[in-house]
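Heavy-atom basis, side chains included; hydrogens, waters and symmetry copies ignored.
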Amino acid sequence: STMSMFTWANAQLANLAETLAPPPTTPPYQYLTALKSQNEQMAMEIISTGQLGDPSSHLALPSNNSTGLQLIHYAAQYGCLQVVQYLVQQCGVNCKSCFDYQGNTVLHWATRGDNLNLVQYLIAEAQCDATVKNAAGQTAYDFCEDCDYNANNAR
């Protein structure tokens with residue numbers, strides 16, 4: 001049937017795509033993959049090996065040259081509380097001084113990640129300032145409006 005032929009052709013194309021462009025195996029990509037899949041243990045292991053350099057440095061990705069995102073920004077974006085805690089408590093990353101090139105703080109990224117526990121940790125324990133504005137004049141609370149929970153819960 002036509003359908004099975006399409007299925008077969010798609011499978012062949014998928015195999016071909018993998019052979020032409022194998023998934024990146026560099027530590028920065030492995031770190032991102034671990035965060036995206038919520039494999040926080042693997043992400044912390046990659047940091048601990050030193051393969052990503054200084055934990056407070058920018059993540060060395062080709063696409064990252066224009067964003068200024070650091071390891072902790074990505075961990076916050078994917079809502080990885082354990083990784084953020086590890087970076088702050090074990091690696092000494094000062095999340096109050098981590099800004100991307102748009103002036104977004106770790107807290108800005110955490111509110112995008114929609115993890116209330118992470119937001120509460122950053123405000124209560126890491127002493128992140130929720131009133132800091134990015135280059136567009138937005139605070140982390142402004143980002144919360146897009147989230148599922150009410151920003152008042154994070155105060």
*For a side-chain contact (heavy atoms from CB on, under 4.5 Å) with I72, tell me which candidate from C80, P55, C95 qualifies.*
C95
*Who pairs with Q41 by side-chain hydrogen bond (donor to acceptor under 3.5 Å, both in side chains), at least two apart in sequence or on another chain?*
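Q41 satisfies side-chain hydrogen bond (donor to acceptor under 3.5 Å, both in side chains) with no other residue.
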_Partner set under side-chain hydrogen bond (donor to acceptor under 3.5 Å, both in side chains) for N94, not counting sequence neighbours_ =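 In terms of side-chain hydrogen bond (donor to acceptor under 3.5 Å, both in side chains), with neighbours along the sequence ignored, N94 is linked to no residue.
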With side chains defined as the heavy atoms from C-beta onward, is the minimum distance between [X] and [Y] less than 4.5 Å?
X	Y	result
L118	Y78	no
N134	F99	no
T139	K133	yes
L52	I46	yes
L107	V119	yes
V84	L122	yes
Y121	V88	yes
Q127	K96	yes

*Considering all heavy atoms of both residues, which atom of A43 and which atom of L35 are nearest to each other, and what is their separation?*
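So the two residues come closest at CB-CD2, 3.9 Å.
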*What heavy-atom pair brings H108 and A140 nearest, and what distance separates the two atoms?*
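Scanning both residues completely, I find the closest heavy atoms to be NE2-N, 3.5 Å.
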Do side-chain atoms of [X] reach the backbone of [Y] as a donor and acceptor pair under 3.5 angstrom?
X	Y	value
Y74	L32	no
Q82	E40	no
Q77	W109	no
H73	C98	yes

*Common cluster, M42/I47, ILVMFWY with side-chain heavy-atom separation under 4.5 Å*: yes
*asked:* Do I123 and L87 sit in one hydrophobic cluster, given that two such residues count as connected whenever their side-chain heavy atoms are within less than 4.5 Å of each other, even indirectly?
replied: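 Yes: a chain of side-chain contacts under 4.5 Å links I123 to L87.
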To the nearest 0.5 Å, what is the distance between [atom1] on [X] and [atom2] on [Y]?
X	Y	atom1	atom2	answer
Q38	N115	CD	CG	8.0 Å
Y31	M44	OH	CE	10.0 Å
T26	Q51	OG1	CD	9.5 Å

*asked:* Within the 3.5 Å criterion, strictly below it, is a donor on S37 or N39 matched to an acceptor on the partner's side chain?
replied: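 Side-chain D/A pair, S37 to N39: absent.
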